[in-house]
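Reading through the structure tokens given below for one structure.
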Amino acid sequence: QVQLAESGGGLVQAGDSLRVSCAASGLTFSRYAMGWFRQAPGNEREIVAAITYSGSGTYYVGSVKGRFTISRDNAKNTVYLQMNNLKPEDTAVYYCAAKLGNYYYTGLLDYDYWGQGTQVTVSS
């Protein structure tokens, strides 16, 4: 079965960097667009970044542009989210998601598979 396993979350201070990873199995990873979402307590889950199946196209929500970078390694079946200059408002559970398709996708309902999430906490 399809599994998406996030890792790399943790507790950091404002201004620090962190990279979270998502390892995929049970699917042909290179045929799937990938996305990173986050959900803070009391908030809805929101898109953070998305990437096409080849990695040639990316999308970022405005609040993370210039600070976060999404990338993927199709040989390793892994998608990454590099987060720099972290802010307390970035605190959330971060989820990766997979969508069969050749574009990038920003809606929760677009995605076929989800990971369990990894907690990122940024202290001020």
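The aromatic ring centres of Y53 and F29 sit 6.0 Å or more apart.
By the ring-ring contact (aromatic ring centres under 6.0 Å, His included) test, Y95 is found to be paired with no residue, residues two or more places apart in sequence or in another chain being considered. The side-chain contact (heavy atoms from CB on, under 4.5 Å) search around T28 returns S30, R31, not counting sequence neighbours.
Between D73 and T78, the side chains place no donor N or O within less than 3.5 Å of an acceptor N or O (distance only, hydrogens not considered). Side-chain contact of R19 with Y80: a donor-acceptor pair under 3.5 Å is absent, judged by distance alone. For T91 and E89, the side-chain atoms include no donor-acceptor pair closer than 3.5 Å.
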Inset, instruction - In sequence, state the C-alpha distance, the side-chain angles, and the governing distance for V120 and V122, and then conclude on side chain to side chain contact (heavy atoms under 4.5 Å, CB included). - result: CA-CA 7 Å; V120 173; V122 184; 4.2 Å; yes

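Both tests hold for K99 against Y105: distance to the six-membered ring centre under 6.0 Å, angle to the ring axis within 45°.
With rounding to the nearest 0.5 Å, the separation of OG in S54 from OH in Y104 is 12.0 Å. One finds the OH atom of Y60 at 10.5 Å from the NZ atom of K65 (value rounded to the nearest 0.5 Å). Rounding to the nearest 0.5 angstrom, the gap separating the CG atom in D90 from the OG1 atom in T121 is 11.0 Å.
Under the 30°/60° scheme for interplanar angles, the aromatic rings of F37 and Y111 are found to stand perpendicular.
Using modelled atom types, no side-chain atom of Q39 and backbone atom of E46 make a donor-acceptor pair closer than 3.5 Å.
No side-chain heavy atom of V64 sits under 4.5 Å from any side-chain heavy atom of K87.
V20 and L11 fall into different hydrophobic clusters, where Ile, Leu, Val, Met, Phe, Trp and Tyr residues are linked whenever their side-chain heavy atoms come under 4.5 Å apart, directly or through other members. I51 and L100 fall within a single hydrophobic cluster, where Ile, Leu, Val, Met, Phe, Trp and Tyr are joined by side-chain heavy atoms under 4.5 Å apart, directly or via other members.
Heavy atoms only, all atoms of each residue included: A14 and P88 are closest at CB-CD, 4.1 Å. Listed here is the closest heavy atom pair of R45 and L108: O-CD1, 3.4 Å. Across all non-hydrogen atoms, the minimal contact from I70 to M34 is CD1-O, 4.2 Å. Scanning both residues, S17 and N84, for their nearest heavy atoms gives OG-OD1, 2.9 Å. The two residues W36 and L81 have their closest heavy-atom pair at NE1-CB, 3.6 Å. Shown here for A92 and A40, the closest heavy-atom pair between the two residues is CB-N, 3.9 Å.
Screening residues 88-117 for disulfide (SG to SG under 2.5 Å), with sequence neighbours left out, gives C22-C96.
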